Amino acid sequence: MRLPERQLAVLEAASATDERTIDEIAATTGLKPETVTGAAFDLRDEGLVSLVETATETLDLTDEGRRYVDAGLPEARLYRAGLALGAADAPVSMGQVIGEADLDGPEVDIALSNFARKGFGAINSGELTVDGDADPDADPEAAALATLADGDHPAVDDDVIEQLDSRGLVDRGESVTRSVTLTDDGVDALMAGVETTQTVSELTPELLASGEWRDVEFAEYNVEADAPTTRGGRKHVLRRTADRVKDVLVGMGFQEMEGPHADSDFWINDCLFMPQDHPARTHWDRFALDVDPMTDIPDELIARVEAAHRDGWGLDGDGYHSPWSEEFAREIALRGHTTSLSMRYLSGIAGAELEPPQRYFSVEKVYRNDTLDPTHLLEFFQIEGWVMAEDLSVRDLMGTFEEFYRQFGITDIRFKPHYNPYTEPSFELFGEHPETGEEIEIGNSGVFREEVTGPLGVDCDVMAWGLALERLAMLTTGAEDIRDLHGTLADIEFLRDAEVSY
Ligand code: PHE
C-alpha cells in the first residue's frame, strides 16, 4: 500500500489498543495538529483508523473575571472597606465605604447586590453594617475564579459556576477532542508494509514551469476538517442594504442625487407646500441649527413659492392665505426628509436633466426629533426617489414599488391611502415582518401637487416617495428592533452573521 507521508506518520503513531489524541500524535510526529486532523480523517475514510470525538465543557475567565482575580470581587472590597471603617460595630455612611473600597461606575451596583446576596452585612437608609463573622476569603466564587486563573478547573458546585456565568465573569464553551485508534485493516496494512507517496498540497510556478505537475500526486482537500473561525472586517448590514438599494435603482434607470444634510426650511418644507404653521415645522419635530440663514436661493423661485402658499397655484388652487415669512424660509435645520434634495433637483439648481422622462434617487440620512422605540430612530436613512414623465398614474407608482421590493424577495407590499400636503393622491406602503407577522410601515409616496411642481417650473407629472432603509433591512434580515441594527445596543453576533438577502 502507498500513502502520503503525513498519513503514514499518523498511522505509525496510532495504537491498536490505546486511543491517542490528535495533540498526542502531533507531539510524537512533530506535525501540526491541523495536519494530523486532516490525515486522520483521510485514514478513517480509508478504514485504517477509527476516530472518536468527545466534547468537553470549557470554562474561561472573561476580562472582568480576570480583573477581579487581581483586585478582588467588588462585594469583598466593600466588605473589607466597611470592616476597616468599623462597620462591624456601628453603621458607616455608604459614601465613605464606597470611597474607601475605591469602587466606581457599575462596580458600585455589582458590589451592593452581591454584598447583600452573600450575607456580608446589611444596608439601611444609606448606611452599611458588616457581619463580623462573614468571611469573604472563604467565598466559593472567589476561590473558583482563582483556580481558573491558575489554569485549573475548579471543583465546585454547578450553581457557583452558574452564578459566575450569570455575572459575566466566566465564559462557558465546548471543545471537541478527537482520538484515533488503529483498525484491524490499519494493523494489517502496517504489517504488510506501507510506502510513501510524494503528495503536493500546492501548485507552484516551479511545478508548472518544469512540467513536473504532470507526475506528482495532489493532496485532496478535506472540507470536513475543523478550521478556526476568523472574524475579518465586514461591511455593516445597513451599508450593504444601502449599496444593494443603489444597485437596484441604478438598474431601474435612476441617477443619484446629493445635497446638504443641513438645509434651509425653504428646500425642506416651503417648496413642498408645507404651510409654515404645520406641526412638523415646529421646534418639537425639527432640529434647528443656530447658523446664518441661507442667502443663495433664487429670488424668482422664492416669489413663486410664496405666491403658491398665499394665493394658490393653477386654475383652482387657493393657497393657505396664512402668514408666510421669507425669513423663516431661509432658516437652517437638519433635514427631516430627503425630499429637500428632490426639490433642489426639480428646481434645476442642481444641474439635473429635466427633459421628461427622468428618474432620480438618493439613499441618505435624515433627522427627526422622534421618540426612540423599536421602529424609530432619531436619525435614519431614507430611500428618496422621483420619476418625471407625462401622464403618470397611481398604477405607475405601485408598479415601481412592486418591481423595487421584488428585488429583495418582498412580494406582498400593501398600499394605504394617505395625506401629504405636497402629494395628491398619496399612499403609505406596508410590509409584513417575517418574524412577528406584523404589518410595518415602510414608506410614503404620491404624485406631487401642482402647487409643488408649478413654482419649480416643472410642467409634467412627477411621482415621488420616501422609503425607510432600516425598515427594509428589518424585513430582509428579520431584525425585530431597529436598535439591533445600529447604535450602542446593536447585537454584535447579529451584525457578524446577518445576511442581506436578494
Ligand atoms: N417626504 C415623505 C416622508 O417623509 C416621503 C415622500 C416623498 C412622500 C415624496 C411623497 C413624495 O416621509
Side-chain angles (χ1 to χ4, degrees), residues 245 249 254 256-257 259-261 263-275 278-282 284-287 305 308 333-347 350 352 358-370 375-389 392-401 404-405 413-431 440-456 458 460-472 482:
V245 166
L249 288 170
F254 285 76
E256 189 164 4
M257 305 185 282
H261 291 239
D263 208 345
S264 64
D265 254 79
F266 182 77
W267 295 115
I268 306 173
N269 287 307
D270 291 295
C271 284
L272 284 159
F273 198 50
M274 290 277 284
H278 191 281
R281 301 189 64 172
T282 60
W284 289 292
D285 259 34
R286 136 185 200 276
F287 290 114
V305 168
L334 290 177
R335 62 186 179 207
H337 53 197
T338 37
T339 321
S340 52
L341 299 185
S342 300
M343 294 302 103
R344 285 171 165 272
Y345 274 65
L346 284 166
S347 76
Q358 294 297 336
R359 301 178 184 87
Y360 277 87
F361 82 97
S362 64
V363 184
E364 284 290 344
K365 243 314 158 66
V366 301
Y367 308 84
R368 286 189 199 172
N369 201 359
D370 272 331
T375 51
H376 289 90
L377 295 170
L378 300 196
E379 309 179 9
F380 59 95
F381 284 90
Q382 214 167 32
I383 307 167
E384 187 80 23
W386 54 263
V387 174
M388 167 199 267
L392 287 171
S393 75
V394 162
R395 291 249 48 108
D396 296 299
L397 201 43
M398 291 169 121
T400 305
F401 293 138
F404 173 75
Y405 282 105
I413 47 170
R414 306 223 292 166
F415 303 97
K416 183 171 134 192
H418 184 58
Y419 171 78
N420 292 312
Y422 39 96
T423 48
E424 180 61 36
S426 319
F427 52 82
E428 286 181 322
L429 279 74
F430 289 82
I440 60 170
E441 190 203 323
I442 53 176
N444 176 14
S445 65
V447 179
F448 281 132
R449 298 173 69 104
E450 218 185 335
E451 285 88 342
V452 173
T453 50
L456 293 170
V458 172
C460 64
D461 290 340
V462 180
M463 61 186 202
W465 56 85
L467 315 175
L469 180 72
E470 283 82 353
R471 304 278 178 89
L472 170 61
I482 207 159

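The figures here come from the full heavy-atom set of this structure, side chains too, leaving out hydrogens, waters and symmetry mates. Counting convention: from 1, in listed order, for ligands and their atoms alike. Because the structure is a prediction, the values reported are computed rather than measured.
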Taking the non-hydrogen atoms of Gln382, is any one of them nearer than 4.0 angstrom to ligand 1? yes
Are any side-chain N or O atoms of His337 and backbone N or O atoms of Val366, one a donor and one an acceptor, separated by less than 3.5 Å? no
Would you please name every residue forming a salt bridge (charged side-chain N to carboxylate O under 4.0 Å, His left out) with Arg471, sequence neighbours left out? none
Run Thr400 and Met398 through side chain to side chain contact (heavy atoms under 4.5 Å, CB included) and show every step you take. CA-CA 5 Å; Thr400 305; Met398 291 169 121; over 6 Å; no
For atom NZ of Lys365, is the number of surrounding heavy atoms from other residues, nucleotides or ligands below 6.0 Å larger than 12? yes
Test applied, ring pair (Phe, Tyr, Trp, His ring centres under 6.0 Å); reference residue, Phe415; option that passes from Trp465, Tyr405, Phe427, Phe430: Phe427
From the options Ser445, Ser426, Gly466, select the one whose nearest heavy atom is closest to atom 10 (C) of ligand 1. Ser445
Looking only at side chains, do Ser362 and Glu384 share a donor and an acceptor under 3.5 Å apart? no
Residue Glu384 vicinity, atoms of ligand 1 by number, heavy atom under 4.0 Å: 7 (C), 9 (C)
Backbone, side chain, both or neither: what part of Arg368 comes under 4.0 angstrom of ligand 1, heavy atoms only? side chain
Would you check whether Tyr422 has a nitrogen or oxygen atom less than 3.5 angstrom from a nitrogen or oxygen atom of ligand 1? yes
Proximal atoms of ligand 1 relative to His337 (non-hydrogen, under 4.0 Å): 1 (N), 4 (O)
Report yes if some N/O of Thr339 lies less than 3.5 Å from some N/O of ligand 1; otherwise report no. yes
Under 3.5 Å donor-acceptor, Arg281 side chain and Met274 backbone: yes
Which of the ligand 1 atoms, numbered from 1, are nearer than 4.0 Å to a heavy atom of Asn444: 2 (C), 3 (C), 5 (C), 6 (C), 8 (C), 12 (O)
For Thr423, the ligand 1 atoms whose distance to one of its heavy atoms is below 4.0 Å: 10 (C), 11 (C)
Could you tell me which residues satisfy salt bridge (charged side-chain N to carboxylate O under 4.0 Å, His left out) with Glu364, sequence neighbours excluded, listed by chain and number? Arg335
Residue part near ligand 1, for Ala464, under 4.0 Å between non-hydrogen atoms: both
Distance-only N or O hit between ligand 1 and Trp465, under 3.5 Å: no
